[in-house]
Structures are given as structure tokens and as C-alpha cells.
Amino acid sequence: MRYEIGQVLKQEQVMSLVFGRCPMPKRMLGRHLVAGGQIIAAYHPRAVRMRLLADDGSSYQMDMVERQPVFALFLPHQRRFLYRLEITLRGGETIFHYDPYSFPCQITEEEEQEFLRGRWLNAYQKMGCHPMEIDGVRGMYFAVWAPHVQCASVVGDFNQWDGRLCPMNRMAHSDIYEIFLPEVEEGTGYQYEVRNQQGETWRVADPYGVARGENYTSKMLNVKRFDWKDRFWMEERRRKNVENQPVIIRSLSGEDPSEIDRIDASVTTHVLLSKRRDPDMMRRTAYSDGGDFFVPPFCCEEPDAFRGLVQTAHQKGIGVLLEVSMEAIPCEKPQVVDFLLSNLLFWIREYHIDGFAFDGLTGDSRSWNDIFNNIEVSDGPANGGTSADDESRRSILRQAMAMVRREAPGVLIISDGQNLRRPGDSRPDTKEETFDFFWNYHIKWNLDHYLSCRGDRRAEHFELTLPLQKPGVDRSFVLLDYKNVNVLNQTSIDKSEEVYYDMLSEAKLSYAFLTGIPGKKILSNKIRDAKLRDYLYRLMEMYRRYPAWHACGGEEQTFEWVNGMDAVSSVISFIRRFSGEKEFFLFLYNFSGEPREEYQVGVPSFGEYRLLLNSDAAEYGGRGWFEDQHPAVTKQSCDFRPYSMTVSLPPKSALIFGFGPAFSGDR
């Protein structure tokens, strides 16, 4: 062996490569400049001979190093050239391929430093698996962040899943492992095979992988080749002020993605897609609990198929929201912060996603034992893991909101908290710390509890009305659901007409109350009862038509109590109005099982109040109690209002009146 070869290929390094413990194979393999020339080295675990075939037609026999399947060649010049390897294997088979280690790293030092600081927002463009052409040779480029491992390699159909064949090269500072595999084609499956500090070997899916195969494999696909036809939607999204627009979300979690084709755009404005979570993936991704952050929500779909669904939704006028779980994510690590921010940007740019629904902001995350099962994974406690606390999640969400609002105005940020301040912080809300909208399930839970109470429920009455007095409720999402909807869907054989009427009345009362109070809306699962479905769609049509029902007030008050204190009668009344509109609406709810005839209610203006909806109307399965009533307004004060009128309320019912020019005149 020549002296020059021995200077590059040290014995201990060669043996670490052969025994699968080499984290930086490019220090030996590939092309290396030395005094007076260059060394080219290559490795194949089953090789007995190797020849180098240069692009100018010349060929060179390579020498075996340390009696191992590592071969090297000294050339007395430093000219860079393209070459292939002719490898003769045990058994006599000969294979030809370009040398993966002769191609340069595609991640720059600047990008590596940005990744370490959690600021490489375009990381998804190089991390993961991407088709590339380098020096005129097409292939696939792989890069993965694998902290605290001895070494990593790519395995797949292209190398018979042999982890010895394609060891990846660790970059100098970041624990990013990368490799370019020439002539590997799209569509095949792959994984990363890693050896942890204890010598155990694991195979993991690609955290940046854009599609999943069977058995936790990733698929090599190009997400850059889709012809989007939703330009009008994207331009409108940028200009639209969603705060003063109706928003009705339909969750498609666990449903067939083609359900988007059948969604009624006259009712629904957005769909919410959630990821399927696999408990067996808990240790199989380096960044989270197996949520497949870069994979479309429906794992059976490839990227283009999912983008087609998003485009279909946009062409129908429906936005697409994506759930992002903050639970079980080690947010204190800058590299993971980079991963999450890059992921959001990926969905915005590559899939035209219209918003993100974050959860896990207020809960504790699990202790993070990384995918490689190392004893020590961080500088935290001696038990081997750290818990990402609430402040870590708040910090990353501040960065996420700033990035999204800068990069894609109009993309919604929704969370399970109203803002990013610590509990008890009384400072005024700021744009940087306030989500566009937040989930508010407490009103729905209080309503269910109130309806379940029997006998005296005056205490529960005030629990029901108290959340409506809190500021910011108009920026919340309220769940439209009924606690016994599954029982309601039973056949008439399973329940009497009286039971059906009572449950239907209670369900319609619930939907009317949850629609009338401030806040955007979330639709529950499919409603099979035709009468209830028609009734809910009527409510949704009114919600979308009138700004007083759906707009956020800002400095203006869109919600006014008439009487939220009548716990004895179990009646609640309030007014919804919107600045600049001449019309307003009076909502009356009778939660009692008894009718309230000649019930006096205060009103702010003298004139005609038109009954727009009676939940007990016959067309919605009711008995038609007090359907045709025209209450007269008198100058008698009531409920701290200068005028009043007397109405009759059916049991467990909602009445909605409209006042203003649009509701006066002939009926």
C-alpha cells in the first residue's frame, strides 16, 4: 500500500467502517487531495476487486486496504473528474455505480449553523429525501438529524435493506447525517438505520419524510411537481379579515379524505384534518411521538393526491386547517424548534394549508427518550430526559405566529389557549401574544351539565352564563354538539314519540344556544336525523348571513345581556348586534320543561320584532307551539330596558327575533 494511501486510510478508521461504527466515512472514502496527487477510496462489504472507470474512458485497478473490502487508488494529479466503480463481489457478480462519497455535501455551513440556532426555516428543502442532480448525475439526497448516535445509514429497496452499504456522513457541528445516492429513483421505500451509544441498532422512518409505506418505512417522492389552480383563493385569503367573517369548521378526523368532495360549502367554511397517531411510533421519530409531521394526514394518500384534495376544497370555497400537536415534543431543543417552524412553512408553501390548530399548549409533555434509546440524550436530569414545560411551548408558538404572519398573511393560528402569557398575567393582550382564535369547550361542557341537572339548578344557571361575560369570547371556537345525539339517532322502535320529541327539543335548544353566543363554530360529527340536520343548517345559514352573529367585536360590543339572571324560570335572553348594521337580534332560550306563556322581556328599541326562528316549529319536528306570534312592544320598562314585549316560550325551546328595516313590513 502506498504511503499516501496510508496517510488517508488509517487502520483504526478502516476497521470502524467495516464494523459499522464510522460516523464520518467521507474522511476516508471518496476523493482526497494529498501532496503530489489525490487518493480515491471506496467500500463495499462483499467486494473482492474494484476498478475505477473515469469519464475520459481510462480505468484503474484499485488496491485492497488492510485486507478488508476497502479499496483505494493514488493518482498523480489533482484534477477533479467524474468516475464510476466496477465492483466484483464474492460469487463473481459485477456491479457498476457512481461513488456516493465523491459528491459534495449539499447543506452549507451557514445552513448548519442556522439549524443549530433553530432558524433554518427552509430546512425541509434539504432535510429528508429529495431528488437532485449533482455534476450531471441524478439521484436522491438524504439528510437527517440524529443526535447521540455512533453512526447512521440509509437502507431501502435499492440496497436490499443492508445497513452496511450506504453509511451516512455526519456533518462537523450539527449531528446532521447526509449522503447522495446516485441513480436511485423515486417511489421506493427507505428507512434510516442507526446504531446508538450502547451498540443497539434501530431502523426509523424519516422525520422529514413526505409519505409513508408499510412497517414504518418512508417513500422517496418529489413534492415539487403539482400544478396549482387555486390562485383566486390564495389572493382572497391574503386580503380577507377572517375576524369579521363567518367561520364554521367541520372536523374530518378519522374519515375518508374524499369526504371533502361531499361537504356542503354553503354550510362549512373550513375543514380540520388531524393526524392518525400510532403508539408503536413513540420511539421511531427523533422529533415527536410519531405524528408524521411531513406526511399528509391520511397516510394512504401520496402528496399529490392530498394536494388535489386541498385544491378541490379551495375551488369549492372551503379552507383546509391542519392539526399540530405540541404534546410530547422536546421544544427546548433549537433543532426541534427549527423542525417545527420549517414544518409549518412546508405546509403553507407546498400544500397551501390555510391554518394550524395547535393543541398541547397547556398540558405537560412526556419525558423525551430519543429514538436511539440512549441513556443520556440531553444535559437535563440524570434520568435521561427532559420535560418541555409550558414556557418552552409558548416560546416556540411566539416564533411560529411571527413567522406565519410574516410569510403568509391570512393563515390562521388556533390554539387551546387564548394567548401566550402565563396564567395570572394581567397585562393587556398584544398581537404578538394573541392567537387568531382559541378552542372554547367550557361553554359546551357547562351546557351539557346544565341540561343533565334535575330539580333545582340555579347554581348551574350562573355557571352557564358566567363564561359569556369574559372578554375575548368572540375569538373562541364553540363546539356545536348535543350530548345525546347518538341516542337521538335510534329508530322510532327504540324510543317513544314523547321521548323523541323531548330529546329533539333539547338538541335544537342546544344548537340554537351554541350558535347564538359569540364565537366561531365547530360542527360535530354527521347528524343522521333529517329534522335536526335541517334545523342546524338553517341556523348555520343565518349565522353566515348576518355579521351580528359571526363578527368579532374588537372595540365594539356585539353581545349584550338582556337577562342572564332568571335562574328561577330557566330563561336566558341576550342581544347580538354589529357596528354599522341597522338590524339587531333578540335571542330567547327556555331551558325549562314547562312552557313560559306571557313572558315579559326587555328590548332596547320601539318597533316591530319579527320571529325568525322557533325551534318548536313543525317543520323541524316540533309541535308548533306559539309558532305564529307577533308580540307588541310597549313603553313599559323591563330588564333595565326602556321597552318590553310579552312572548310565549315553548318548553325547551329557542326563539330568535330580528329588529330593523330588513325585518319590517309584510310577512
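The structure displayed is predicted, hence computed values, not measured ones.
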* **Qualifying residues under side-chain contact (heavy atoms from CB on, under 4.5 Å), relative to Asn244, sequence neighbours excluded** => Asn241, Ala551, Cys552, Phe578
* To do: For Phe438, enumerate each residue passing the ring pair (Phe, Tyr, Trp, His ring centres under 6.0 Å) test, keeping only those at least two apart in sequence or located in another chain.
  => none
* Would you call Ile318 and Val271 a side-chain contact if the rule is heavy atoms closer than 4.5 Å? -> yes
* pair Lys219-Glu186: side-chain heavy atoms closer than 4.5 Å -> no
* Does the side-chain contact (heavy atoms from CB on, under 4.5 Å) test come out yes or no for Gln191 and Val204, once each step is laid out? -> CA-CA 6 Å; Gln191 285 181 312; Val204 298; over 6 Å; no
* **Qualifying residue for ring-ring contact (aromatic ring centres under 6.0 Å, His included) with Tyr190, from Tyr208, Phe142, Phe158, Tyr216** => Phe142
Give the table of side-chain donor-acceptor pairs shorter than 3.5 Å for residues 115-125, with sequence neighbours excluded, one pair per line with atom names and distance.
unit_1 : atom_1 : unit_2 : atom_2 : d
Arg117 : NH2    : Glu114 : OE2    : 2.5
Asn122 : OD1    : Arg349 : NH1    : 2.6
Tyr124 : OH     : Arg349 : NH1    : 3.4

* Asked: Hey, are the side chains of Val473 and Pro467 touching, using non-hydrogen atoms and a 4.5 Å cut-off?
  -> no
* **Straight-line distance of Glu111 CD to Ser174 OG, nearest 0.5 Å** => 11.0 Å
* With sequence neighbours left out, which residue pairs that include part of residues 218-239 fulfil the ring-ring contact (aromatic ring centres under 6.0 Å, His included) condition? -> Phe226-Trp228, Trp228-His352, Trp233-His314
* Partner of Glu235 under side-chain hydrogen bond (donor to acceptor under 3.5 Å, both in side chains), chosen from Arg237, Arg231, Arg238 -> Arg231
* Structure fact -> Sorted by chain and residue number, the side-chain hydrogen bond (donor to acceptor under 3.5 Å, both in side chains) partners of Trp161 (sequence neighbours excluded) come out as Asp157
* **By ring pair (Phe, Tyr, Trp, His ring centres under 6.0 Å) - contacts of Tyr98 (at least two apart)** => none
* Going by the salt bridge (Lys or Arg N to Asp or Glu O under 4.0 Å) test, which pairs reach into residues 9-30, not counting sequence neighbours? -> Lys26-Glu178
* Asked: CD of Gln106 to CD1 of Ile179: how many Å apart, nearest 0.5 Å?
  -> 12.5 Å
* Please determine if Arg475 forms a cation-pi arrangement with Phe437, meaning its NZ or CZ atom is less than 6.0 Å from the six-membered ring centre and no more than 45° off the ring axis. => no
* Asked: How about Phe358 and Phe435: are their ring centres within less than 6.0 Å of each other?
  -> no
* Sequence-distant partners of Gln113, side-chain hydrogen bond (donor to acceptor under 3.5 Å, both in side chains), two or more places apart -> none
* Asked: Under 4.5 Å between any side-chain heavy atoms of Asp162 and Val155, yes or no?
  -> no
* Parallel, tilted or perpendicular: rings of Trp445 and His442 (30°, 60°) -> perpendicular
* How long is the span from the CG atom in Leu181 to the OH atom in Tyr141, to the nearest 0.5 Å? -> 10.5 Å
* Asked: Just wondering, do His270 and Val247 contact through their side chains at under 4.5 Å, heavy atoms?
  -> yes
Name the atoms and distances for all side-chain donor-acceptor pairs under 3.5 Å in residues 132-140, with sequence neighbours left out.
unit_1 : atom_1 : unit_2 : atom_2 : d
Glu133 : OE1    : Arg138 : NH1    : 3.3
Asp135 : OD2    : Arg80  : NH2    : 3.1

* **side-chain hydrogen bond (donor to acceptor under 3.5 Å, both in side chains) against Arg170, all qualifying residues, sequence neighbours excluded** => none
* Qualifying salt bridge (Lys or Arg N to Asp or Glu O under 4.0 Å) pairs with a residue from residues 436-445, counting only residues at least two apart or across chains -> Arg405-Asp436, Lys444-Asp448
* Minimum side-chain heavy-atom gap Lys521-Ile249 below 4.5 Å -> no
* Determine whether more than 12 heavy atoms belonging to other residues, nucleotides or ligands lie under 6.0 Å from atom CD of Glu236. => yes
* Asked: Do Val324 and Leu344 have side chains that get closer than 4.5 Å, going by heavy atoms?
  -> yes
* Can you find a pair of side-chain heavy atoms, one from Ile522 and one from Tyr441, that are under 4.5 Å apart? -> yes
* Can the ring centroids of Phe339 and Phe294 be said to lie less than 6.0 angstrom from one another? -> yes
* Partners of His97 by ring pair (Phe, Tyr, Trp, His ring centres under 6.0 Å), sequence neighbours excluded? -> none
